[in-house]
Asks: 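Attaching a single structure in structure tokens format; questions to follow.
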Amino acid sequence: MSAAILASFEKVSTHMTFKKASWPRKLRSTEWYGGTSRDHIYHRSWMKNQGLPADLFDGRPVIGICNTWSELTPCNAHLRDLAQRVKHGIYEAGGLPVEFPVFSTGESSLRPSAMMYRNLASMDVEEALRANPLDGVVLMVGCDKTTPALLMGAASVDIPAIAVSGGPMLNGWFRGERVGSGTALWQMSEDVKAGNMSSDDFLEAEQAMSRSPGSCNTMGTASTMASMAEALGMALSGNAAIPAVDSRRRVMAHLTGRRIVDMVKDDLKPSDVLTREAFENAIRVNGAIGGSTNAVIHLLALAGRVGVDLTLDDWDRLGRDIPTIVNLMPSGRYLMEEFFYAGGLPVVIRRLGEAGLLHRDALTVSGRGVWNEVREVKNWNEDVILPVERALTGQGGIAVLKGNLAPQGAVLKPSAASPHLLTHRGRAVVFEDIDDYKARINDDALDVDETCVMVMKNCGPRGYPGMAEVGNMGLPPKVLKKGIKDMVRISDARMSGTAYGTVILHTSPEAAVGGPLAIVRSGDMIEIDVPGRRLHLDVPDEEIASRLARWQSPVKAPESGYARLFHTHVQGADTGADFDFLKGQRGKAVPRDSH
Ligand code: FES
């Protein structure tokens, strides 16, 4: 954390003296605690069984600490400890902290996909915030989906909210080389398939990849979403990159706890921060950091919650000419630890501001414009945060391709793709779904070479519930053995933010609802023109129409439970894969007391 950022925190801290008399309005929590009726006594008395002194119910703000801690979400397993630091800050500033758990979406374990549960977690957050006596909330986030889920839930209720991330793991090291979370896993598994690495070595690398608590240490989805939270203004400046085990992560948690109390005082809500300008800033930041394609889906969904009309076209337009200057895996060389030492995200935001690519006045949770937070920061390592002349790519944003194969759009991350494949025509090799892919990919009889375009269907939001991160299909062994590292791949799936390759994702509409992807056949020719933003199936229109007329969805609606709710209500990837009934804000109305 730079001296400038610390100084800025201290400036914030001086505004934090809590004076009961200074509360300008009635707090929401007084509906529960602020009186002498039977119900007020009922609400307070049961809380007091936790040993809370009476004066903690004197009208001070009640601050929720919404925690995604779980041992089943290893990236967030340290968040209970961090929550204690948040509590210190809240108490210090004059609030009453109350920690509560919400559904935790662990990326590495949840099946069929963590993404299937993002909306469920957001509903959990939303209802917990609305139903409880909370005046504000600190969102404890880390692993991929936990950040968007909590932001979405808080945005729907629109009480003062601030995020603090758990922070990334320390660098992984294996035999003198950096091993990045996820990225190394994909690389090494391909090396094993190609015969360039032994299985024993792969097993030895397993522990080396994950040396400490924290989230993935690459610029994967977790780091991207932590950066998005900061760029949107929903976390304090400097939050994204501090390693999980660095003492400054605890300082960040402490200061976040202090800050939320003042946010309640000022009634600074998500709707004040999550403006169109904030989303535009975040899209540009995503280009500059070489962020995950998953950010596209999550920001579209979040924008939907606050009524900002954000579209895929905004992603393409705003990110198109943004150079990727953060030299982190999977696009570059370093890891989050080094990004932090170099100055972290504030340096990147400052660069955008200097280039005239930032809405400088966009409000942040600090109560000040984003430019105020970053204007004095310095870059301490120009190999990690590169000068524009040495950018990884001049076009770091997300490319949105459209055409008869993706009428509503598909996305590609140019910074992770092979330049020679960005314009390509190739023969389709089609897999009907993930099982078909797994059954045939290792078969040397598969009719495929490096000029082909691998196509996988039925992995969109409904096809593979939640839209699993399988879009970066591993290459066939017979291609890998030739030393080939990349091929064009197209699907309606997502891709891990830690992955790389010329991978076209989120093809919309998805195959399972009858998008044109559903009728592609092996042997069809496909044209990819990333500079022209075109994705074309070279099959006559009449033939496409005829195939679509005969198409039947292979995906059946689940009979019951959350899976059925998901199937029935999930929207397409092109609008964020949120539920139709969760769009927009539903406010913080106090529910009627049942006693
Ligand atoms: Fe949790 Fe990557 S798997 S952050």
Side-chain angles (χ1 to χ4, degrees), residues 67-80 82 102-118 121 139-151 163-172 178-189 205-230 235 239-245 249 286 289-295 297-298 328-331 335-337 339-340 345 413 416 466-472 493-500:
N67 205 336
T68 51
W69 165 85
S70 167
E71 289 178 345
L72 286 168
T73 305
C75 316
N76 295 17
H78 61 301
L79 290 189
R80 288 219 72 194
L82 207 59
V102 285
F103 189 99
S104 187
T105 50
E107 192 67 31
S108 54
S109 300
L110 274 174
R111 293 186 178 182
S113 69
M115 178 63 181
M116 177 169 162
Y117 300 102
R118 181 200 67 182
L139 309 170
M140 307 286 303
V141 297
C143 195
D144 299 17
K145 309 299 176 291
T146 58
T147 303
L150 270 58
L151 288 174
V164 61
S165 305
M169 290 186 255
L170 294 175
N171 279 10
R178 286 178 190 81
V179 283
S181 320
T183 305
L185 189 66
W186 319 130
Q187 278 166 350
M188 288 178 182
S189 63
E206 178 181 314
Q207 180 70 52
M209 286 179 208
S210 306
R211 288 176 52 220
S212 80
S215 50
C216 288
N217 54 23
T218 40
M219 188 50 82
T221 303
S223 301
T224 299
M225 290 312 298
S227 300
M228 292 297 91
E230 187 173 330
N239 170 68
I242 308 169
V245 295
R249 175 56 62 190
N286 191 64
I289 63 177
S292 164
T293 46
N294 283 319
I297 289 199
H298 299 320
L328 257 59
M329 298 181 200
S331 302
L335 295 169
M336 286 298 283
E337 202 181 325
F339 185 38
F340 171 59
L345 198 71
K413 181 173 165 181
M467 204 182 169
E469 292 184 334
V470 293
N472 56 317
R494 293 177 302 114
M495 169 173 93
S496 165
T498 62
Y500 51 88

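Counting starts at 1 for both ligands and their atoms, following the listed order.
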Asks: Under 4.0 Å from any heavy atom of Ser215, which atoms of ligand 1 are there?
Replies: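 Counting atoms of ligand 1 from 1, those under 4.0 Å from Ser215 are 4 (S).
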Asks: Do Thr73 and Ser104 have side-chain N/O donor and acceptor atoms under 3.5 Å apart?
Replies: yes
Asks: I'd like to check which ligand 1 atoms, numbered from 1 as shown, lie under 4.0 Å from a non-hydrogen atom of Cys143.
Replies: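 Answer for ligand 1: 1 (Fe), 3 (S), 4 (S).
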Asks: Using a 4.0 Å cut-off to any heavy atom of Asp144, which atoms of ligand 1 qualify?
Replies: 2 (Fe), 4 (S)
Asks: Atom 1 (Fe) of ligand 1 and Cys216: any N/O/S contact shorter than 2.8 Å?
Replies: no
Asks: Please check if any side-chain donor atom of Arg494 sits under 3.5 Å from a side-chain acceptor atom of Asn472, or the reverse.
Replies: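 Result is no, nothing qualifies.
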Asks: Quick check on side chain to side chain contact (heavy atoms under 4.5 Å, CB included): which of Thr68, Leu139, Val141 does Thr147 satisfy it with?
Replies: Val141
Asks: Look at the N, O or S atoms of Cys75, main chain and side chain alike, and state whether any lies under 2.8 Å from atom 2 (Fe) of ligand 1.
Replies: no
Asks: Test side chain to side chain contact (heavy atoms under 4.5 Å, CB included) on Leu72 and Ser109 and set out the steps.
Replies: CA-CA 7 Å; Leu72 286 168; Ser109 300; 5.7 Å; no
Asks: What are the atoms of ligand 1, with element, lying closer than 4.0 Å to any heavy atom of Ala222?
Replies: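 Result: 4 (S).
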Asks: My understanding is that only one of Glu469, Met495, Met228 makes a side chain to side chain contact (heavy atoms under 4.5 Å, CB included) with Thr221; could you say which?
Replies: Glu469
Asks: For Met329, which of Thr183, Val179, Asn217 qualifies under side chain to side chain contact (heavy atoms under 4.5 Å, CB included)?
Replies: Thr183
Asks: Identify, by atom number and element, the atoms of ligand 1 in contact range of Glu107, meaning under 4.0 Å from any of its heavy atoms.
Replies: 3 (S)
